[in-house]
Amino acid sequence: MERWTKEHEARILEQTRAGGFTVDWSRYRYTLDAASVRATREAFVRLYRAGLIYRGERMVNWDPRLRTAISDLEVLHSEEDAELVYVRYPWADGTPGGIEVATVRPETIFGDVAVAVHPDDERYRSLIGRTVRVPMTDRTAPVIGDPLVDPTFGAGALKVTPRHDPVDREIGLRHPELPTPVEIFDDRARLTGAWVPSDLHGLDRPTARARTIERLTQDGVLLRREPHRHSVGRSERSDEVVEPRLSTQWFVRMPPLAEPVVAAVRAGAIRIHPDRWNPTFFRWMEGLQDWCISRQVLWGHPIPVEHCRTCGHVEVDLAPAERCSQCGSRDLTPDPDVLDAWFTSWLWPFAILGWPEATADLDRFYPTQLLVTGRDIMFFWVARMMMAGYYFTGKPPFTDVYFTGTVRDERGRKMSKHLGNSPDPLDLIRERGADALRFSLVFPNPTDEDGPYGRTALDGGRNFLTKLWNVVRFAGPYVPTGDRAPPVPELTDAAALEHRWILARYRRTAEEVDAAISAFAPTRAASALHAFLWHDVADRYVELSKEALSGRLGEPAQRDARATLAFVLERSLRLLHPIVPHVTEELWHALPHPEGLLATAPWPSADEAPADPEAELAMEPVLEAIRLLRNVRAEEGIAADATPRGWIRPSNSEVLEVLETARGAIVRLAKLGALELLPADAAAPAGAGSRIAPFGECYLELPGRSAGPSAALVREREMLAALLAKTDGRLADAGFRARAPPEVVAEAEAKARELRERIRRIDEHMSGTASPGAAA
RNA sequence: GGGCUCGUAGUCCAGCGGUUAAGACGUCGCUCUCACACAGCGAAGAUCGCCGGUUCGAAUCCGGCCGAGCCCA
């Protein structure tokens, strides 16, 4: 047992280290170390003295393979196919006939003490009080009335086996006149005891069921059998069908512990994220059953109780008693059971800080802030920690809980040992790196939902990090060196829009990351950084500024580009660092940076970069023009190495001005031979491929042929026409004009105008009658 | 049996009263262009599960139905 523990401990620690978790290793703790033993014992004694722990005979979930009681939470219910067996219980006085009983568990007939019917059931009311003979036995049993019986199930009559079914137990308790039931199963759920014929002793449940059916058939009391699907409870650990069994166990009284927790969550003292789990949480908390904390297993904290063999007194104290406090006897025997492991775990948030001592750690770090854990242990652990927190310390153990979903395989199945579809994180780390693994867990699928995980996600993470690596590698030779973090660039060349634009985009990204983290939405933060670094920085900004970086545009332009690139990359690495610590740390050292580690560098404040909506807006026509010209290239099948001439006719002078400054970039990125910017009243170039955008028109020379009617243009016109019809429809609606807010109406009117204009321009092109000055 | 949650392109998922419904993966073209083919460029692909209601206006709010998942008994 020791060895097994050590091996698994080592493996978990290795996974934690390899995964790059930032952990205070000096506070490493184990649930069975001396301090945990002390805290566990203290908790038990306090609850016992407060009357919140009791020992009692209750119906518990018994795992016959592990031979221990388990808690309700450890039982997994699922629908399984079974057989409903109809059996006649003959009248004890020998009158022909009898009463028909349906059961899925004929092997428990030996434990019957009664047959119960619903007191209002017309079919059976007159039979209440008569006596039947229990099949296969010499015993008799009365027919009783009890409202717990479901008259619609089976034949409407229920066999009552109080030691082996919770409902039957309840009925038994309500009918004290019934004989005391005898147990018919041993701790392995094999038939045993005085009520079972000796030749059946020792049979397990499936065998017993088969033999019972045979015997009932021989006896002529088996009426019929029909297939029946019902819910079966299995032990989470052994997968064995749980046997309800009446036994003496230790329990914690839950309702008094739950009350302050429900109040705290309702009042917002503890917040659950995402908050859609609140209903589930409350529903469970408000219907709590007492917690069975004793286990009949080898490994665990012993129950800190001794029983006096002389007088039966129970000793419960912080230290084992020498003698019985009641009768003075020295003949004390320890309780044979151990505690449910969760009984130690639920103390964890304060036990690790030294509780029950009033330590400095406890004072400083408790309550803690955030618990991140899997939703599957919401009840086992999280809710119980809250209860223990309030009960033992009067405070919440944490102020926020973030529930992650369960990772599934790529086919959407739960990962399980049985299916063999759960990869070892160490293998994934060896294969693709710890950061690829980390990134793929937050992107693209939300961390708080059950999502598929596999090759695709992992490779996606690896690809993104490769991209990041390459961008920094590209930037390396250009960025200035230095021993401080790049400052916010002071741009000298005001006309170079791309720098202003990327800084504005950076600011938006940083704001989104901050907002996402505050909202406990790590996936949103990762998405924002992914989109920014890959598409804005790598695909657009780097391409746009290559010319300036090279120095071909002169020294001031180069300086602006270098400073901006350095700033954007350095800050982005800081924002990305919590998600992918290893790669960002490494790359950070390739950029200008202060002494020390990225891990300890301060979190960048989003507002150091200027918000610049004008730059963002102005950049749109540039990027759009490049896209449209490339689109014509691709659609018209222009050779990759061809450099056709291009024209843009902007619809107003501001756009013209912006495009003028970006002319070089457009030429390069659209691979043009030359780009001419046409005045609004110029004629459209003849025979060129064209695209109509809100900001103006783009033309591309089609070498060696004339442009046919463009399919893309036709599609575009259809789309715009449909949109215009929709918008016009809205505007024609008197209700819309009367009731919608004026700004919405104005927006719709502006949209209709713009659409009409664009359609007109498309029509001109398609009829080949584009005329100068018509756009005014 | 009860409850909760979720149904949006082939897949995963964002949006949660007024945008040409965002993105990622996959698919289809073109390209090994001096950071990156683990890539670049371009494109196609969604009547937002179904029916009804509220509203000038619904993917978004309400009700019902169907389907899936989870939790509890």
Side-chain angles (χ1 to χ4, degrees), chain A residues 72-73 75-77 150 153 166-167 230-231 233 274 276-284 287-289 375-376 378-379 405-406 408 410-412 414 432 436 443-446 449-478 521 523-524 526-528 530-531 534-535 538-539 542-543 546 550 626-641 668-671 694 712 715-716 719-720 722-724 726-727 729-741 743-745 747-748 751 755 758:
Chain A
D72 293 340
L73 287 177
V75 180
L76 303 178
H77 296 268
D150 174 6
F153 183 82
V167 173
H230 70 145
S231 178
R276 67 188 138 92
W277 292 107
N278 278 328
T280 307
F281 179 81
F282 285 128
R283 210 187 121 65
W284 187 72
L288 271 185
Q289 301 290 307
R375 208 176 51 235
D376 47 336
M378 183 192 296
F379 304 130
T406 309
R408 293 166 176 275
E410 276 178 316
R411 291 160 59 184
K414 259 190 182 167
R432 294 286 191 246
F443 181 88
N445 288 322
E449 254 172 61
D450 296 0
Y453 187 83
R455 274 266 85 72
T456 314
L458 188 63
D459 284 347
R462 187 266 317 253
N463 294 354
F464 173 61
L465 294 172
T466 306
K467 190 74 191 179
L468 185 66
W469 183 271
N470 277 305
V471 172
V472 176
R473 194 156 72 104
F474 166 80
Y478 296 114
T523 301
R524 244 173 67 199
S527 303
H530 178 270
W534 199 317
H535 299 122
D539 291 348
V542 163
E543 295 305 328
K546 267 180 178 169
S550 74
I626 293 168
R627 193 182 69 80
L628 291 173
L629 290 166
R630 283 170 166 175
N631 182 314
V632 178
R633 281 191 83 102
E635 298 272 300
E636 300 293 340
I638 292 177
D641 55 357
R668 232 165 2 92
L669 298 190
K671 283 196 87 173
R715 251 184 286 125
E716 171 98 351
M719 198 267 287
L720 293 176
L723 200 57
L724 177 62
K726 206 171 110 186
T727 310
R730 269 206 300 164
L731 286 168
D733 183 344
F736 174 68
R737 288 190 175 277
R739 303 208 184 201
E743 63 270 21
V744 174
V745 177
E747 213 176 284
K751 189 160 94 177
L755 288 169
R758 272 170 76 191

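Below, read A as the first sequence line, B as the second, and so on, with proteins coming before strands; counting in each chain starts at 1.
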key: Integer angstrom distance from the C1' of B:rU11 to that of B:rA73   = 36 Å
task = Please list, chain by chain and in numerical order, all residues satisfying side chain to side chain donor-acceptor pair (under 3.5 Å) with A:Arg432, sequence neighbours excluded.
result = A:Asp459
inquiry  = Please classify the nucleic acid contact of A:Arg375 as base, sugar-phosphate, or nothing, using heavy-atom distances under 4.0 Å.
reply    = nothing
query = Under 4.0 Å between a Lys/Arg side-chain N and an Asp/Glu carboxylate O for A:Asp641 and A:Lys671?
reply = no
query = Do A:Trp277 and A:Met378 touch side chain to side chain, with heavy atoms closer than 4.5 Å?
reply = yes
task = Classify the nucleic acid contact of A:Arg758 as base, sugar-phosphate or nothing, counting any heavy atom under 4.0 Å across all strands shown.
result = base
note = Per-nt protein contacts along nucleotides 29-40 of chain B (heavy atom under 4.0 Å; B base, S backbone sugar-phosphate only, - none) come out as --S---BB-BSS
key: A:His535 and A:His530 aromatic ring geometry - parallel, tilted or perpendicular at 30°/60° bounds   = perpendicular
message = Please report the distance separating the C1' of B:rC16 from the corresponding atom of B:rC6, rounded so that it comes out in whole Å.
response = 14 Å
Note, A:Trp284 side chain near A:Leu73 side chain (heavy atom, < 4.5 Å) = yes
message = For the P atoms, the ones on B:rA44 and on B:rU60, what distance do you get once it is rounded to whole angstrom?
response = 27 Å
ask   = Where do A:Leu755 and A:Thr727 land on the side-chain contact (heavy atoms from CB on, under 4.5 Å) test, with the steps shown first?
value = CA-CA 9 Å; A:Leu755 288 169; A:Thr727 310; 4.1 Å; yes
task = Using the P atom as the reference point in each nucleotide, state the distance between B:rG53 and B:rA59 in Å, no decimals.
result = 15 Å
request  = Determine the Euclidean distance between corresponding C1' atoms of B:rU47 and B:rA9; express it in Å to zero decimal places.
outcome  = 12 Å
query = Say you pick atom C1' in B:rG49 and the same atom in B:rA58; how far apart are they, in whole Å?
reply = 16 Å
query = Just how far, in rounded Å, is C1' of B:rC41 from CG of A:Leu669?
reply = 11 Å
inquiry  = Does the protein touch nucleotides 4-18 of chain B at the base, only the backbone, or not at all? Give it as B, S and - per nucleotide, heavy atoms under 4.0 Å.
reply    = S-------SSS---B
request  = Please state how far atom CG in A:Asp150 lies from atom P in B:rG2, giving the value in whole angstrom units.
outcome  = 12 Å
message = I want to check one thing: is the phosphate of B:rA43, taken as OP1 and OP2, less than 4.0 Å away from some side-chain N or O of A:Asn631?
response = yes
key: CZ/A:Arg455: more than 12 non-hydrogen atoms of other groups inside 6.0 Å   = yes
query = Using purine N1 to pyrimidine N3 plus N6-O4 or O6-N4 for Watson-Crick, or N1-O2 and O6-N3 for G-U wobble, both under 3.5 Å, which nucleotide pairs with B:rC32?
reply = none
request  = Take atom CH2 of A:Trp284 and atom C1' of B:rA73, then tell me their distance rounded to the nearest Å.
outcome  = 14 Å
message = Give me the distance, rounded to whole Å, that separates B:rG7 from B:rC48 when you measure between the P atoms they each carry.
response = 14 Å
ask   = Is it the case that A:Lys546 places NZ or CZ above or below the six-membered ring of A:Tyr478, under 6.0 angstrom from the centre and within 45 degrees of the axis?
value = no
remark   = In whole angstroms, the gap separating P of B:rC71 from CG of A:Asn278 amounts to 18 Å
query = Would A:Glu716 and A:Arg758 pass as an ion pair if we require N to O under 4.0 Å?
reply = yes
task = Nearest whole angstrom, please: distance from the C1' of B:rU19 to the CG of A:Leu755.
result = 12 Å
ask   = Are A:Arg276 and A:Glu449 close enough for a salt bridge, meaning some N to O gap below 4.0 Å?
value = yes
task = Remember a base hit wins even if backbone is also touched, and classify A:Leu73 as base, sugar-phosphate or nothing at under 4.0 Å, heavy atoms.
result = sugar-phosphate
